[in-house]
Every structure is written in C-alpha cells, then in structure tokens.
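Numbers restart at 1 for each chain; the letters A, B, ... are given by sequence-line order, proteins then strands. Every heavy atom of this structure was used, including side-chain atoms; hydrogens, water molecules and symmetry mates were not.
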There are 2 protein chains.
Amino acid sequence: MAQKNKLKYIILGLLGERALTGYDIAKAFTADIGEFWSANHSQIYPLLKRLETAGLITHQLQVSGEKLEKKVYSLTAAGQAQLQDWLHEPTRELTASKDEFILKLYFVQNANDPLLPPMLTEQLNLHQAKLAHLKQQMARKFSDQASQIANYGHFLILQHAIEREQGYADWLARTLAQKNEH
Amino acid sequence: MAQKNKLKYIILGLLGERALTGYDIAKAFTADIGEFWSANHSQIYPLLKRLETAGLITHQLQVSGEKLEKKVYSLTAAGQAQLQDWLHEPTRELTASKDEFILKLYFVQNANDPLLPPMLTEQLNLHQAKLAHLKQQMARKFSDQASQIANYGHFLILQHAIEREQGYADWLARTLAQKNEH
DNA sequence: GCTGCCATGTAAGACGTTACATGATTAA
DNA sequence: TTAATCATGTAACGTCTTACATGGCAGC
C-alpha cells in the first residue's frame with residue numbers, strides 16, 4: 001500500500017478548513033504543506049472522485065466568467081468523522097526522510113575526497129535559499145501573535161521547517177569549515 | 001517515475017565498499033542508511049538481477065554449510081563508473097520529507113485543542129527514544145577520531161541524524177512547555 | 001527440537017511521477 | 001494579443017509495500 005493513503009486525510013483536512021477546488025488543493029502542496037508532503041494534481045483529481053463516491057466529500061459546481069466550471073468540494077459529516085478519527089489516532093511511525101545528498105555523502109569514503117567541498121557548498125546554498133524563503137513566509141504571515149494563534153497549525157509547521165533548515169545549513173557549514181581548517 | 005531509481009545507486013554504493021549478498025543490502029537499511037532511505041528485500045532482489053543483466057554488477061555463488069547458497073554481489077567496472085557519475089552529479093532536489101505527525105498538527109486549528117498535549121508528548125517520546133538509540137550507535141562506532149575519519153560518510157550521516165532528532169525533540173519539548181505555561 | 005536468524009525469491013496492488021490533452025480567464 | 005494562471009482530466013509507467021512462499025543454519 002506504499003503509504004496507506006495519507007493523501008486522503010490531507011484532502012479531508014484541507015476541506016475541513018474551507019471548501020476548495022482540486023486546483024486549490026494541488027496549490028496547497030506548493031505552500032506550507034509542501035514542506036511535509038507532496039502531491040500532483042494527477043493524483044488529486046482521481047482521489048477526489050473516489051472520496052466523493054465513498055461519501056466523504058461532495059461538490060458544488062461554480063461557474064467563473066462565461067463557461068469555466070469549478071468543482072468546489074466540501075466535507076460531509078462522514079468525511080468530518082474520518083478526519084477526526086485520523087487526528088485522534090496515534091502516530092507511531094517516524095518515516096525515514098529520503099535524502100539523496102546524504103546518501104551520496106555516505107558513499108564518499110575518504111574524508112579528504114576533493115569532491116566533498118563542492119558538494120557541501122552546493123547543498124549549503126540550496127538550504128540557505130530555502131531557509132531565506134521560509135523566513136520570509138514567516139515574517140509575511142505571522143508577524144503578530146494573534147495570527148500565530150489563529151493559524152496555529154500553519155505557524156507550527158513553518159516554525160519547524162525553519163528550524164530544520166537552519167539545523168541542516170548549520171551542520172553543512174560546520175562540516176565545510178572543518179575541511180578548511182587543514 | 002516516482003523517484004528515478006535511487007535504490008540502484010545505493011546498491012552500487014554499498015557494493016563499492018565491499019561484496020555483499022542481497023540479504024546484507026536489505027540489512028543495511030535497518031542500520032545507518034535507514035535514516036535516509038528505506039527499501040525491502042522484495043525490491044532489492046529483483047533489482048539486483050536487473051543490475052546484473054545490465055552489466056553493472058556480478059555475483060559469485062558461495063556455499064554456507066551443506067547446501068545454503070548465497071549470491072555474493074560485487075561491482076563491475078561499468079557499475080563503478082555509474083556510481084562515480086552519480087556521485088559527481090549535482091544534487092538539486094530537496095525532497096519533501098513526509099511527516100504524518102506534522103500534517104496532523106497542521107490540521108489542529110485551535111491552539112488550545114486538548115488533543116495537542118498528548119500528541120506532542122507521544123512524538124516527543126518517539127523522537128527521544130530514537131535519539132538515544134542514535135547516540136548509542138555513535139558512541140559504539142565512533143568513539144575515537146580515527147574511526148570517524150576511516151568511515152567518514154558513516155560518521156557524517158549519524159551525526160546529522162542525531163542533530164536532526166535533537167532539533168525535532170527540542171522543538172516538541174518547547175511547544176509542549178509553552179502550552180503548560182497557561 | 002525449536003527458535004531466531006540467514007537467505008532468496010514472486011505476486012498483487014497501492015502509491016506517485018511524468019507526460020499527454022484540453023480549454024477558460026485575467027491582466028499587462 | 002499574448003503570457004500567466006486557473007481549471008480538470010487521463011494514460012503510461014515506475015516505485016514501494018504487504019503478503020505469500022520456501023528452505024537452511026546456528027545455538028540453546
């Protein structure tokens with residue numbers, strides 16, 4: 001089952017906040033939620049149909065402009081219930097975070113391999129760029145305490161992502177610095 | 001293509017260190033490498049066959065005891081070359097680390113939801129347990145500087161995993177503590 | 001003798017990515 | 001008018017998990 005249909009719950013969770021189109025849901029994965037899960041629209045649209053057949057969500061047609069039809073999905077009572085069940089379930093598995101760079105590092109046997117400095121530098125740049133982006137988001141969305149409380153989950157997720165990236169970048173920088181000592 | 005066959009390179013990388021059976025490779029994912037990738041034997045055995053057909057690896061039969069045949073795989077020159085190619089390639093994608101717990105948190109709207117403290121506590125326990133295990137590994141394998149240099153990739157991976165878990169646990173503890181202030 | 005680990009495989013099905021396909025709306 | 005974005009879908013294919021299946025070896 002590969003991952004036991006977590007996407008289903010993400011969709012239910014998003015619809016629990018407000019009614020959304022499939023397109024909106026797909027977009028959510030390019031924002032905050034994308035830090036901790038990913039999904040493409042080609043996975044989302046079929047699943048929305050299945051969830052509707054299962055009675056967990058419904059949709060209303062909404063017309064934009066002349067002809068463009070949107071399907072605006074919302075939770076049914078059954079969907080609401082399954083969402084709550086999921087939230088109340090214990091979460092016991094710590095999924096192994098797949099990280100290709102770390103794997104490469106693992107296979108660079110020699111601590112003095114000339115490949116190491118450019119590899120570390122490249123990753124450092126990537127993580128610093130991401131960190132900067134996340135901090136910007138944080139400043140833009142959660143500058144005041146009121147908004148932090150109003151969107152608590154949002155806020156926590158961003159905070160955690162920032163700390164993770166900061167830690168990653170620090171580790172890379174430290175490892176690089178140690179190489180340069182010699 | 002889901003993940004563009006990273007497992008192939010992990011196998012090449014492991015065989016680059018020394019000859020291994022499929023069983024050994026599967027076991028590697030329960031050790032250090034499991035922190036950053038996962039794979040089951042049912043994925044590994046067929047891939048080994050495909051890699052051999054492709055000329056990247058070969059195997060020698062080794063008999064244990066009376067009849068038990070092992071296939072001990074090792075890299076060919078072509079496999080060695082592809083491994084090096086992979087290591088030299090830039091690594092540009094920062095894979096979204098899928099984390100079910102964080103997702104749940106995201107959907108707990110209310111900062112005062114009574115669900116939060118037990119959820120946070122449960123995760124804290126999980127991450128602290130993992131952290132303890134990782135530290136133990138570190139102490140056991142890399143107590144002296146010589147072994148750190150001799151197995152540099154190994155060492156870095158463990159160090160990074162420890163820092164990641166420490167950061168995660170700290171964040172959870174901090175978030176919990178803030179809840180208890182009120 | 002039995003338990004746990006070593007060792008290798010296949011099959012079914014779910015999950016995920018990339019590409020193919022189409023068309024409307026909005027703002028510069 | 002044209003580019004970017006909104007909006008929805010399907011097809012093909014690759015990856016990953018779970019379960020099925022089998023048998024040997026080592027130590028207690």
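A cation-pi arrangement is absent between B:Lys6 and B:Trp37, since the terminal nitrogen or guanidinium carbon is not both under 6.0 Å from the aromatic centre and inside a 45° cone about the axis.
The shortest distance between side-chain heavy atoms of B:Tyr168 and A:His160 falls below 4.5 Å. B:Thr175 is listed as a side-chain neighbour of A:Tyr152, based on a closest heavy-atom distance under 4.5 Å. Looking only at side-chain heavy atoms (C-beta outward), B:Leu83 and B:Leu15 stay at 4.5 Å or farther from each other.
Between the P atom of D:dA7 and the NE2 atom of A:His59 lies a distance of 15 Å, rounded to the nearest Å. We find that CG of B:Leu51 is positioned 11 Å from P of D:dT15, with the value rounded to whole Å. One interatomic measurement links the two molecules: OH of B:Tyr9 to C1' of D:dT15, which rounds to 15 Å at whole-angstrom precision. The interatomic distance linking A:Gln62 (CD) with C:dA24 (P) rounds to 18 Å, in whole Å. Atom pair A:Gln60:CD and D:dA7:C1' shows a separation of 18 Å (rounding to whole Å applied).
Note: the hydrophobic cluster containing A:Ile10 also contains A:Leu47 (ILVMFWY, side chain heavy atoms under 4.5 Å, direct or indirect links).
Note that CD1 of B:Ile25 and CZ of B:Phe29 are 8.0 Å apart. Values are rounded to the nearest 0.5 Å. One finds the CD1 atom of A:Ile102 at 8.0 Å from the CD atom of A:Gln123 (value rounded to the nearest 0.5 Å). Here A:Arg164 contributes atom CZ and A:Lys130 contributes atom NZ; the two are 5.5 Å apart, rounded to the nearest 0.5 Å.
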Note to self: Walk me through whether A:Asp170 and A:Gln166 qualify under side chain to side chain donor-acceptor pair (under 3.5 Å).
What the structure shows: CA-CA 6 Å; A:Asp170 287 350; A:Gln166 184 75 64; 3.3 Å; yes
Check: For DNA chain C, what is the dot-bracket line, given that a base pair needs Watson-Crick (N1 to N3, plus N6-O4 or O6-N4) or G-U wobble (N1-O2 and O6-N3) geometry with both distances under 3.5 Å, and | means paired with another strand?
Finding: ||||||||||||||||||||||||||||
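Contacts between residues 15-48 of chain B and DNA chain D, defined by a heavy-atom separation below 4.0 Å, involve B:Ser38, B:Asn40, B:Ser42, B:Gln43, listed by number. Proximity of residues 97-106 of chain A to DNA chain D (heavy atom under 4.0 angstrom from any strand atom) is restricted to A:Lys98.
No donor-acceptor distance shorter than 3.5 angstrom exists from the side chain of B:Asp85 to the backbone of B:Gln82, with no hydrogens or angles considered.
By the ring-ring contact (aromatic ring centres under 6.0 Å, His included) test, A:Phe101 pairs with no residue at all, sequence neighbours left out.
Between B:Asn5 and D:dG14, a side-chain N or O to OP1/OP2 separation shorter than 4.0 Å is absent. Listed pair B:Lys70 / D:dG24 fails the phosphate criterion, with no side-chain N or O lying under 4.0 Å from OP1 or OP2. OP1 and OP2 of C:dC15 both lie 4.0 Å or more from every side-chain N or O belonging to A:Lys6.
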Do any side-chain atoms of residues 53-62 of chain B form donor-acceptor pairs under 3.5 angstrom with protein atoms, and if so which ones, sequence neighbours left out?
{"residue": "B:Thr53", "atom": "OG1", "partner": "B:Lys49", "partner atom": "O", "Å": "2.9"}
{"residue": "B:His59", "atom": "ND1", "partner": "B:Glu52", "partner atom": "OE1", "Å": "3.0"}
{"residue": "B:His59", "atom": "ND1", "partner": "B:Glu52", "partner atom": "OE2", "Å": "2.8"}

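Residue-level contact check: A:Lys49 touches the backbone only, with heavy atoms under 4.0 Å from sugar-phosphate atoms and none from bases.
Between B:His154 and A:Tyr106, the ring centre distance stays below 6.0 Å.
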Between N or O atoms, less than 3.5 Å apart, protein on one side and nucleotides 25-28 of chain C on the other: list the pairs.
{"residue": "C:dT25", "atom": "OP1", "partner": "A:Ser64", "partner atom": "O", "Å": "3.0"}
{"residue": "C:dT25", "atom": "OP1", "partner": "A:Glu66", "partner atom": "N", "Å": "2.5"}
{"residue": "C:dT25", "atom": "OP1", "partner": "A:Lys67", "partner atom": "N", "Å": "2.8"}
{"residue": "C:dT25", "atom": "OP1", "partner": "A:Leu68", "partner atom": "N", "Å": "3.4"}

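A pairwise comparison of heavy atoms in B:His41 and B:Pro46 identifies O-CD, 4.2 Å as the closest pair.
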